[in-house]
> 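Handing you this structure, nothing more for now.
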Protein chains: 2
Amino acid sequence: MKQPILIQFGEAVRTLRKAQGLSQEQLSFKANLHRTYIGMIERAEKNITLINMEKIANALNVGIIELLKKY
Amino acid sequence: MKQPILIQFGEAVRTLRKAQGLSQEQLSFKANLHRTYIGMIERAEKNITLINMEKIANALNVGIIELLKKY
DNA sequence: GTGTGACTTCTAGTCCGTT
DNA sequence: CAACGGACTAGAAGTCACA
């Protein structure tokens, strides 16, 4: 489970999260997802669903598109 | 399971599919997914994962972003 | 050609902890 | 604070028969 698109998404999340000075824990709280799950997404270990992509994007105050830009 | 973003995605798939004169059957073949599954996505009955979004986008010769444009 | 319900298998996603 | 592990539950993936 390390498909390029998942890596792209995970890296975008990590980059934006750090740029906003948030910990995985804080982001997981804002997104209503579990702490460990955010880590798995950033490491491209899980094939995320559309609704959770949206939750994370919202928590980061960006559109989903921002998280897939480079791809 | 009828969240707006899923509806947006499903409608975009249906619109693009029809614009290219494809049946659900033909698209499912190109995307390597089951016929009925494509229908469920178009009807927003499934919370699709990122990898399957990519498969469908590829089969339609567009980027994933095109399928989330309006959103 | 498409929609629907029912179904099984597999993985997304949670929760506990330890490094 | 983040990575990683095992065990678990919810829900997506994937298929089918029939309308």
> Linking I/L/V/M/F/W/Y whenever their side-chain heavy atoms sit closer than 4.5 Å, directly or via other members, would V62(A) and M53(A) fall into one cluster?
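Both belong to a single hydrophobic cluster.
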> Could you tell me how far apart M40(B) (CE) and dG11(D) (P) are, to the nearest whole angstrom?
16 Å
> Between Q3(B) and L50(A) (side chain of the first, backbone of the second, donor and acceptor by atom type, cut-off under 3.5 Å), is there such a pair?
no
> Would you classify E25(A) as touching base, sugar-phosphate or nothing, given that sugar-phosphate means primed atoms plus P, OP1 and OP2, and contacts are heavy atoms under 4.0 Å?
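Touches sugar-phosphate only.
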> Got a donor-acceptor contact below 3.5 angstrom from the R17(A) side chain to the L22(A) backbone?
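At least one qualifying donor-acceptor pair exists.
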> Given a 3.5 Å cut-off on both pairing distances, which stems involving DNA chain D, each at least three consecutive Watson-Crick or G-U pairs, are present, if any?
C:2-15 with D:6-19, C:17-19 with D:2-4
> Using a cut-off of strictly less than 4.0 Å, decide whether R43(B) has a side-chain nitrogen or oxygen near OP1 or OP2 of dG5(C).
no
> Starting from C1' on dA3(D), measure out to CD on E45(A) and report it in whole angstrom.
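My rounded result for the distance is 9 Å.
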> Are I65(B) and I7(B) connected, step by step, through hydrophobic side chains (Ile, Leu, Val, Met, Phe, Trp, Tyr) whose heavy atoms are closer than 4.5 Å?
no
> Counting N and O atoms only, with roles assigned by atom type, does the side chain of Q26(A) sit under 3.5 Å from a partner on the main chain of S23(A), one being a donor and the other an acceptor?
yes
> Whole Å only: how far is the CD1 atom of I41(B) from the C1' atom of dT2(C)?
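It is 15 Å, rounded to the nearest whole Å.
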> Strictly distance-based, threshold 3.5 Å: is any side-chain N or O of K30(A) a donor or acceptor partner for the main-chain N or O of A59(A)?
yes
> Separation of I38(B) atom CD1 from dA12(D) atom C1', in whole Å?
15 Å
> Could you tell me if the side chain of I38(B) sits less than 4.5 Å from the side chain of I56(B), heavy atoms only?
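Yes. Closest side-chain heavy atoms under 4.5 Å.
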> Please confirm whether the shortest side-chain N or O distance from R14(A) to OP1 or OP2 of dA3(D) is below 4.0 Å.
yes
> With a 4.0 Å cutoff (strictly under), does any side-chain N or O of Y37(B) reach OP1 or OP2 of dG14(D)?
no
> Between the base of dA12(C) and the side chain of K46(A), is one N or O donor paired with an acceptor at under 3.5 angstrom?
yes
> Return the nearest nucleotide to the side chain of R35(A); candidates are dG3(C), dA3(D), dC15(C).
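Shortest atom-to-atom distance from the side chain points to dA3(D).
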> Taking CD1 from I48(A) and P from dA10(D), how many angstroms apart are they, rounded to a whole number?
20 Å
> Find the distance I51(A):CD1 to dT11(C):P and express it as a whole number of Å.
20 Å
> Could you check how far CG of L50(A) sits from C1' of dA12(D), rounded to whole Å?
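It works out to 13 Å between those atoms.
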> Rounded to whole Å, please give me the gap between CD1 in I56(B) and C1' in dA12(D).
13 Å
> Ignoring backbone atoms, establish whether T36(B) has a side-chain N or O less than 4.0 Å from OP1 or OP2 of dT2(C).
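For dT2(C), OP1/OP2 do not have a side-chain N/O of T36(B) under 4.0 Å.
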> If you compare every side-chain N and O of Q26(A) against the phosphate oxygens of dC1(D) (OP1, OP2), does one of them come in below 4.0 Å?
no
> Can a side chain N or O of N47(B) be found less than 4.0 Å away from OP1 or OP2 on dA10(D)?
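Answer is no, no contact under 4.0 Å.
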